[in-house]
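Shown next, in structure tokens, is the structure this report addresses.
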Amino acid sequence: MNNNNHSAPIGVFDSGYGGLTILREFVNRLPAYDFVYLGDNARSPYGSRSFQAVYHYTLEAVKKLFGLGCPLVILACNTSSAKALRSIQQTDLPLIAPDRRVLGVIRPTAETVEKYTLSKHVGILGTPGTINSGSYLLEIEKLSPQLTVFQEACPMWVSLVENDEFNNPGAEYFIRKNVENLLARDPRIDAIILGCTHYPLLVDIIRKFIPSHVKLISQDNIVADSLIDYLNRHPEMNNRISKLGNIQFFTTDSIELFEKRGSVFFRKPFHAEQIDL
Ligand code: DGL
């Protein structure tokens with residue numbers, strides 16, 4: 001039975017704005033579905049925070065989204081997916097909500113990377129949290145052990161995007177530095193995973209510093225494909241999601257700022273509400 005009588009949206013969580021690039025693609029591909037977006041802007045960025053802090057913050061957000069009726073929550077944040085997802089799935093869910101699901105963005109990305117590379121040498125750009133967690137290395141090793149993977153942490157990039165400084169000349173210094181560091185590790189790299197949901201906004205600048213044959217793998221399409229595949233394989237979950245085409249936006253910080261900056265990521269204006277975790 002398709003339960004449309006009460007709101008049971010898909011929850012989409014990010015530390016801040018970046019997950020809006022993922023939500024945007026979800027909405028494009030699943031326009032009938034209800035979604036709730038939660039950005040923890042008050043505590044963003046998560047990238048340099050400890051495992052314990054990211055786990056604690058992410059769990060609070062997941063519980064809040066469950067409280068808003070979400071049967072399914074997507075952690076549209078690589079840092080949360082890297083540092084919190086496994087504990088939430090294995091330890092917390094069985095206790096707090098055994099019938100609900102939380103999924104991340106790293107596994108779907110790791111599952112598809114192989115099809116983008118001919119040389120079998122791939123690079124990953126991400127926050128220090130994501131890179132140091134080794135989550136991409138672990139997942140790719142499990143799924144595509146024939147690939148050789150090189151990583152580069154980009155500590156400044158999220159702040160450049162969140163502060164709307166990425167189109168200014170100073171930003172290029174940091175972007176160039178990390179991209180060149182990565183490519184210097186192995187000139188055979190022919191595909192680079194943008195392992196952070198903020199990075200799609202930097203694509204034009206990143207391209208200035210990579211050879212034209214190197215593919216940039218952005219997560220929005222990959223994660224949307226993966227969600228659709230999941231819903232097809234899990235009709236019992238699909239039937240629980242309400243489908244009135246409603247989207248709600250929540251931020252833990254200033255509404256005005258979130259609506260203004262967030263519209264750059266979501267690529268259209270929206271209204272948000274403040275929420276405490
Ligand atoms: N969008 C988050 C990610 O994908 C940014 C992390 C942060 O807040 O530093 O990793």
Side-chain angles (χ1 to χ4, degrees), residues 9-28 34-50 53-54 56-65 67-68 70 73-81 83-84 105 126-130 154-175 194-206 218-220 223 246-277:
I10 297 175
V12 181
F13 169 71
D14 184 50
S15 58
Y17 301 105
L20 290 165
T21 59
I22 305 279
L23 175 68
R24 181 175 167 272
E25 199 53 35
F26 286 170
V27 174
N28 282 342
D34 291 349
F35 292 96
V36 173
Y37 185 87
L38 171 53
D40 189 9
N41 298 77
R43 300 189 290 201
S44 153
Y46 281 10
S48 306
R49 293 192 188 270
S50 69
V54 173
H56 179 68
Y57 294 170
T58 306
L59 182 59
E60 282 183 340
V62 165
K63 285 180 178 168
K64 188 61 80 170
L65 286 164
L68 292 167
C70 302
V73 171
I74 311 295
L75 301 183
C77 174
N78 287 270
T79 311
S80 288
S81 300
K83 291 185 162 189
V105 291
T127 66
T130 299
C154 311
M156 297 297 288
W157 291 17
V158 168
S159 297
L160 291 172
V161 174
E162 297 254 317
N163 292 295
D164 201 17
E165 290 287 347
F166 60 100
N167 280 318
N168 295 331
E172 286 203 1
Y173 167 82
F174 293 103
I175 294 167
L194 300 180
C196 172
T197 51
H198 286 62
Y199 297 177
L201 273 78
L202 302 177
V203 162
D204 290 342
I205 309 171
I206 297 170
S218 179
Q219 294 178 303
D220 38 6
V223 178
N246 293 328
I247 315 171
Q248 280 180 290
F249 299 83
F250 291 97
T251 174
T252 54
D253 206 349
S254 142
I255 296 173
E256 293 72 25
L257 204 60
F258 185 69
E259 288 177 347
K260 184 164 173 275
R261 294 224 181 110
S263 63
V264 175
F265 292 76
F266 195 58
R267 298 208 204 137
K268 60 179 170 190
F270 57 80
H271 291 295
E273 295 165 63
Q274 205 274 334
I275 200 166
D276 290 322
L277 296 184

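In this text the structure is predicted, and so the values were computed from the model without any measurement.
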Notebook entry, point to check: Residues two or more places apart in sequence or in another chain: which of them pass ring-ring contact (aromatic ring centres under 6.0 Å, His included) with Phe174?
Noted result: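 If we apply the ring-ring contact (aromatic ring centres under 6.0 Å, His included) test to Phe174, skipping adjacent residues, there are no hits.
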
First locate atom [atom1] of [X], then atom [atom2] of [Y], and finally report the distance between them rounded to the nearest 0.5 Å.
X	Y	atom1	atom2	value
Ile74	Phe35	CD1	CZ	8.5 Å
Leu38	Cys77	CG	SG	11.5 Å
Leu20	Phe26	CG	CZ	11.5 Å
Arg24	Ile247	CZ	CD1	11.5 Å
Leu160	Leu201	CG	CG	11.5 Å
Gln248	Ile275	CD	CD1	9.0 Å

Which atom pair, heavy atoms only, marks the closest approach of [X] to [Y]?
X	Y	result
Cys196	Asn78	CA-ND2, 3.1 Å
Ile206	Leu194	CD1-CD2, 3.8 Å
Phe249	Leu23	CE2-CD2, 3.6 Å
Ser15	Ser44	O-CB, 3.0 Å
Thr21	Asp220	O-CB, 3.5 Å
Gly11	Leu65	CA-CD2, 4.2 Å

Any side-chain donor-acceptor pair under 3.5 Å between [X] and [Y]?
X	Y	answer
Gln274	Asp253	no
Tyr46	Asp40	yes
Asn167	Glu165	no
Asn41	Thr251	yes

I want to check something: taking the side chain as every heavy atom from C-beta on, are [X] and [Y] in contact at a cut-off of under 4.5 Å?
X	Y	value
Asp164	Phe166	yes
Glu162	Tyr17	yes
Val223	Glu25	no
Val36	Val12	no
Tyr57	Leu277	no
Val62	Leu75	yes

Notebook entry, point to check: What about Phe13 and Tyr37, are their ring centers closer than 6.0 Å?
Noted result: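 Centroid separation for Phe13 and Tyr37: 6.0 Å or greater.
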
Check: Are Phe265 and His198 near enough that their ring centres are under 6.0 Å apart?
Finding: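 Close enough - the centres of the two rings lie under 6.0 Å apart.
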
Check: Taking NZ, NE, NH1 and NH2 as the nitrogens, is one of them in Arg43 or Glu60 under 4.0 Å from a carboxylate oxygen of the other?
Finding: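 Answer for the salt bridge query: yes.
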
Next item on the list: Let me know which of Cys154, Pro45, Pro155 forms a side-chain contact (heavy atoms from CB on, under 4.5 Å) with Pro128.
Entry: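 Option passing the side-chain contact (heavy atoms from CB on, under 4.5 Å) with Pro128: Pro155.
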
Checklist line | Residues forming a side chain to side chain contact (heavy atoms under 4.5 Å, CB included) with Glu259, sequence neighbours excluded | finding: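 Glu259: side chain to side chain contact (heavy atoms under 4.5 Å, CB included) contacts with Ile255, Phe270, His271, Ala272.
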
Donor-acceptor pair, side chain of [X] and main chain of [Y], under 3.5 angstrom:
X	Y	result
Asp14	Gly16	yes
Thr130	Gly126	no
Lys64	Asp276	yes
Asn246	Asp34	no
Thr252	Ala42	yes

Next item on the list: Mind running ring-ring contact (aromatic ring centres under 6.0 Å, His included) on Phe250 and Phe258 for me, showing each step along the way?
Entry: CA-CA 9 Å; Phe250 291 97; Phe258 185 69; 9.7 Å; no

Next item on the list: Take Ser48 and Thr127 through the test side chain to side chain contact (heavy atoms under 4.5 Å, CB included) and record every step on the way to the result.
Entry: CA-CA 7 Å; Ser48 306; Thr127 66; over 6 Å; no

